[in-house]
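This report concerns only the one structure given below.
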Amino acid sequence: MQPSDAARELVLAFADDELCVGQNHAWWIAIGPFLEEDLAFTSIAQDELGHARSLYGLITDDVDDLAYGRKYSEYRSAHIAEMLCHDWSWALVRHLLHDTAEQVRWRSLLGSTWSELGDVAQRCLAEEQFHKDHALSLAERLLSSDEGNSHLKPVFVELAPLAREYFVGPDEELLATGVISVSKAEQQRLWLQELNEFFEPYKIELSIEDDAPSDGRSGVRSDDFSLLHDEMTAVLMIDPLAKW
Amino acid sequence: MNTYEVFLKKDGKESFNHAGSLEAPDDGMALTYARETYGRRNEGDQMWVVARDSILIANQDDLKMADRSHKHNDGKLVAELRRSNRSSGEDSDAAF
């Protein structure tokens, strides 16, 4: 199937989110809080880059060029995905918000009329369950201690509204043509419901404003993006023929 | 943190082999970390994660007894005896 502009835009935004989060997670290679967590977190980083590659591959034959060769205004990543998060509690909170949202987003693509996209979703969901379990298990243990709770709670409250951007964008045409089977509003509701059920024992309630907090989807980049982009293109600057 | 030992096995192949050890705050996280630390490249189809505290450790001195060569019977002595019996015309099985 030849994807419509709307379908292409949906995939590009999802791929850019995965690219940015994968790149950001990878910053923790060798400096994770302890060896086992370092390995797990950066293995997840690699998975996210793999998701990005699968998605870019649906809309281009030259993945490297699309991933790294665009003007800033042509990226569609959500600002929370671009955020550097060089503080571990921020990195963990973004991981949890990102992967709970990601699972809901993949599920909305299962059985898509764009069958290649549905296949990618099916493949990625198997990994996604692990990513989500990892984030929730670790957060659960940290939130159960006073110290962990006092570190993480304010970060959840601050970042959760930004994660709403994962569900921003037009979806009427995508629903009508069967590219997605769950509206973005409903995806956001499912995501928030899961989070609030998870946070209930820890007395954290997330409220999400109705207005989109940032406009990465329309081509505006956050302040963190240029540093992130410099890092992800550093090898390409040295060797333009380097491949993923 | 607790220490765990991780064992992996491929379906239809060999027995469980020790893959390595790891530290985790509890059993649940140990399973999570074991998968990423030792199984992220599909190294095994089955995995055992064992709390090191649950392992019974044998006394090393008991394992180091002086001469255990008589436990390593490779059949040479018996074969030699049978050969010499045969060459001297005796019934080869009679000696046993």
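The basis for the numbers below is simple: all heavy atoms, side chains too, and nothing from hydrogens, waters or symmetry mates. These numbers were taken from a predicted model, which means no experiment stands behind them. Just so we're on the same page: letters track the sequence lines, and every chain starts at 1.
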- When you look at CG of B/L77, are more than 12 heavy atoms from neighbouring residues, nucleotides or ligands closer to it than 6.0 Å? no
Interatomic distance, CG@A/D133 vs CG@B/L31, rounded to 0.5 Å, equals 11.0 Å
The interface call for A/Q46 against chain B, heavy-atom contacts under 4.5 Å, is neither
Check your understanding: Can you tell me if A/E36 uses its side chain to pair, donor with acceptor, with the backbone of B/L22 under 3.5 Å?
Key -> no
Min side-chain heavy-atom separation B/R35-A/F130 under 4.5 Å = yes
Discussion item. Any heavy-atom pair between the side chains of B/R40 and A/D47 that's under 4.5 Å?
Written reply: no
Honestly, the part of A/L35 sitting under 4.5 Å from a heavy atom of chain B is neither
### Crowding at CD, A/Q122 (>12 non-hydrogen neighbours, <6.0 Å)
no
Closest non-hydrogen contact found for B/M29 with A/S137 is SD-CB, 3.3 Å
query = Do other residues, nucleotides or ligands put more than 12 heavy atoms under 6.0 Å from B/E43 CD?
reply = yes
Counting neighbours of NE2 on A/H151 that are heavy atoms of other residues, nucleotides or ligands and sit closer than 6.0 Å, is the number greater than 12? no
In this structure, OG1 of A/T42 is separated from CD of B/E36 (nearest 0.5 Å) by 8.5 Å
Could you check whether atom CD of A/E205 has more than 12 heavy atoms from other residues, nucleotides or ligands sitting under 6.0 Å from it? no
Ring-ring centroid check B/Y33 A/F41, cutoff 6.0 Å:
no
### Message
Is it the case that over 12 heavy atoms from other parts of the model lie below 6.0 angstrom from the CG atom of A/D61?
### Response
no
Neighbour count above 12 (heavy atom, 6.0 Å) for A/D146 CG: no
